[in-house]
Structures are given as structure tokens and as C-alpha cells.
Amino acid sequence: MSDRIPVMIPWLGEAEAQAAADAVRSGWVAQGPRVAEFERAFAERVGAEHGIAVSSCTTALHLALIALGLGPGDEVVVPSLSFIATANAVRYLGAEPVFADVELATGNLTPATVAAVRTPRTRAVLLVHQGGVPADVAAMREACADWGVALVEDAACAIGSTVGGTSVGHGATLAAWSFHPRKVVTTGEGGMVTTDDAEWAARLRRLREHGMNASAAQRHASGKPILESYLEVGYNYRMTDIQAAVGLVQLGKLDAMLERRRELAARYRELLDGVPGLTPVDDPAHGQGNFQSFWVLLSEPYPLGRDALLEALSEAGVSARRGIMAAHLEPAYAGHPAAPLPVTERISRDSLILPLFHTMTEQQQDRVVAVVRERGGASATGARAAAGRGAAG
Ligand SMILES: *Cc1c(COP(=O)(O)O)cnc(C)c1O
């Protein structure tokens with residue numbers, strides 16, 4: 001169907017194409033000056049001292065956990081309700097991801113759900129801001145400080161989300177970010193670690209580049225030969241200058257993206273208001289989300305199950321997606337110990353993500369809403385919403 005509504009498309013345009021072309025024409029396509037500029041701009045935007053650009057959020061998480069010195073025998077509390085990379089990053093170090101449940105309203109860990117699975121071997125908590133809904137960072141920082149446990153933030157989805165009036169990432173020990181096209185800001189593939197710690201930043205810069213004490217860019221810029229040395233076993237987790245060039249343009253559009261996403265999310269909530277058994281995601285009391293993923297949770301008396309509604313949407317030319325996955329239910333974690341995770345399983349089973357993207361039109365959104373309302377036994381448009389449109393002309 002040509003007028004099929006996608007669940008998400010990145011907002012890319014001529015400016016990104018031009019920036020990528022400029023990087024190519026400059027002759028410097030690997031990690032170089034544009035990566036350095038993107039790191040500075042990104043760190044400033046989220047209120048961190050240092051940004052270390054890498055190839056993905058998965059590699060960012062890997063490096064962040066290396067900085068903490070984790071290894072076999074250590075436990076890291078993670079939500080099962082997350083993209084699987086969150087748990088996998090812990091396994092890369094030979095440490096053990098311990099799945100904790102989440103709260104129903106936000107899909108995020110809380111001090112109480114972490115406390116339920118914490119043991120004397122817990123070394124860190126990996127706090128995800130799920131779908132861009134900010135977790136209660138202040139409460140979790142306080143709890144982790146009490147426990148003497150490190151706190152790393154998986155902010156893959158959370159660029160532009162705020163907690164207590166400041167950006168997610170501000171004041172974070174270590175935060176990891178994603179620039180995959182399913183996220184709000186994209187570089188194709190890409191990621192970033194942010195931190196206020198200069199020593200960690202220096203080490204992570206080395207680790208992303210084979211453990212070298214001098215980057216290729218530094219050696220190139222230097223007038224005289226620099227004989228590099230390899231201080232520890234590192235990785236090739238670099239971002240390219242072509243990606244960073246795109247990222248810089250995207251970052252400049254972030255405020256416009258956030259405004260439009262929040263507008264569309266508010267409109268969804270208004271139009272879906274009063275459908276029995278349907279709860280749309282909303283801002284928590286402690287912050288504001290970027291609505292990277294606009295999910296709705298189904299329950300009695302909504303007449304359709306999640307998969308049936310996905311099918312109905314698909315038949316109507318709407319691409320929706322199942323809600324956030326639960327890692328502990330996947331074959332990769334079969335046999336892995338997991339405490340009961342009732343809220344995780346409920347959200348994962350009963351939620352779906354509706355289309356929301358920068359260039360989405362109100363007509364497109366109305367089409368999505370009509371299917372969800374009609375299948376839910378409500379009239380195609382809500383009384384309040386119809387009244388609102390009438391008043392608007
Ligand atoms: C997307 C995502 C990741 C992985 O990001 P990549 O950049 O694709 O590696 C990790 N954690 C969460 C919570 C995500 O949503």
C-alpha cells in the first residue's frame with residue numbers, strides 16, 4: 001500500500017546530505033575533526049563534561065561498563081524490559097545481568113524493584129530511560145549511593161528527555177546514547193558515552209581506538225612523527241566523520257523534533273481519551289519525555305488483544321510494533337535466573353507502539369486513532385476531540 005503509515009522514519013533532509021557530502025569531499029572520512037565537534041556539541045547539549053563518540057549504543061554500554069572495572073562474579077541489575085543490548089553489554093564482560101522488574105506507568109526501574117534483586121555481589125545498576133520516558137534519576141542516584149553501587153544510564157532513547165528540569169545525562173556517572181534510525185537523533189548507526197570524569201573519558205577514547213595512546217587524528221595533525229603505543233587491549237568502536245557530520249545537523253534540529261513529537265503525543269492522548277481499557281504513555285511527575293516511542297497499554301475491557309490490534313492496524317495500512325521486549329523471555333537468556341517479573345511481562349505482552357514521526361500529518365494520525373477507537377468499541381472520533389476540531393474551524 002503506497003500510503004502505508006510507517007511506525008517511525010528519521011527526519012533527514014538536504015542539510016544532512018550536504019554535510020555528509022562535505023565530509024566525503026574533505027578527504028577525511030574516518031574519525032576526525034567532525035567527530036570531535038559532534039562530541040563537544042552533544043556533551044554540551046546534555047550537560048556533561050565529556051562525550052566519547054562510538055559506533056553504537058551497544059559499544060557505548062560495553063565501554064561504560066569496562067570503565068567501572070566489572071568482570072566475572074560481578075552482578076549488574078538491568079531491566080529485562082529493554083532492547084536486548086542492555087543485558088548483552090553486561091555479558092560481554094563476563095559479568096551477570098540480574099533482571100529487575102519495572103513500574104507500570106513508566107516501564108522503568110525504581111529503587112524498590114532494584115532492591116528486590118540486589119545481592120552483595122551487585123556492583124552496578126544499568127538504568128534505562130525506556131522509550132524516552134525519563135526514569136526517576138534522583139531517587140535512583142540516592143539509592144545507589146546508599147548501597148555503594150555504581151549507576152550507569154542507558155539513555156539510548158532519551159536524547160532531549162528531562163528530569164527535574166535538566167537534560168537526562170546531566171550529572172550522570174556514565175550515560176550511553178544511541179543514534180540508530182529508530183531513535184530521535186540519527187547518524188545511521190552510532191553512539192556516545194557521556195561522563196564528567198576526565199580520566200574515564202581519556203581511557204574510553206583509547207579503548208575505542210585499539211588502546212592507542214595517540215589517535216590517528218592526532219598523529220595526522222602533528223607536524224612530526226608520533227610513535228604510538230598500545231597501552232591495553234582495545235577495540236575498533238570508532239564513529240566516522242561522515243556520521244558525525246550528519247549528527248551535527250540532526251542535533252541542530254533536535255528542539256524542533258522534540259516540539260513536534262510532544263505535540264503529536266499530546267494529540268494522541270487527547271484523541272484516545274476515554275477508550276475503555278487503553279492507557280497511553282505519559283510524562284511522569286519527575287520529568288518530560290521525548291516520546292521516541294508512543295506506546296499504549298491494553299487491558300480489560302479493551303476487546304482486542306495486542307496482536308489482534310496490531311493485525312487490524314496492519315490491515316488498515318498502519319505499521320505499529322509490539323511494545324518493548326522482555327530479554328528474560330528470549331532464547332539468548334533461557335535458563336538464566338530471573339525473579340518473577342510480572343509488570344515486565346504484562347507491559348511486554350499487552351503494549352504496542354503507535355506510529356509517531358516528525359513529518360507525520362494529522363490526517364495520518366487520525367487514521368491510526370480511528371482504527372484503535374473503532375476496534376475498541378468507541379466511536380471513530382472522541383466526543384471531546386471532535387468538539388475540539390469543530391472549535392478550531
Ligand atoms: C536501541 C537501544 C540500544 C542499542 O542501541 P544501538 O545504537 O542500536 O546499539 C540499547 N539500549 C536501548 C534501551 C535501546 O533502545
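Positions are given from 1 along the sequence. Numbering of ligands and ligand atoms starts at 1, following listing order.
Note that the OG1 atom of Thr58 and the CD atom of Glu189 stand 8.5 Å from one another [nearest 0.5 Å].
Within the structure, salt bridge (Lys or Arg N to Asp or Glu O under 4.0 Å) contacts touching residues 275-294 (residues at least two apart or in different chains) are Arg262-Asp283, Arg269-Asp282.
The ring of Tyr92 has its center no closer than 6.0 angstrom to the ring center of Tyr235. A distance of 6.0 Å or more separates the ring centres of Tyr268 and Phe291.
Remark: Glu16 engages Lys253 in a salt bridge, criterion side-chain N to carboxylate O under 4.0 Å.
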Expected rows: ligand 1 N/O, protein N/O, dist below 3.5 Å:
| residue | atom | partner | partner atom | Å |
| --- | --- | --- | --- | --- |
| ligand 1 | 5 (O) | Ser178 | OG | 3.4 |
| ligand 1 | 7 (O) | Cys57 | N | 2.9 |
| ligand 1 | 7 (O) | Ser178 | OG | 2.7 |
| ligand 1 | 9 (O) | Cys57 | N | 3.3 |
| ligand 1 | 9 (O) | Thr58 | N | 2.9 |
| ligand 1 | 9 (O) | Thr58 | OG1 | 2.5 |
| ligand 1 | 11 (N) | Asp154 | OD1 | 3.3 |
| ligand 1 | 11 (N) | Asp154 | OD2 | 2.8 |
| ligand 1 | 15 (O) | Lys183 | NZ | 2.6 |

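Between His358 and Trp11, the ring planes lie parallel to each other; the angle is under 30°, not in the 30° to 60° tilted range.
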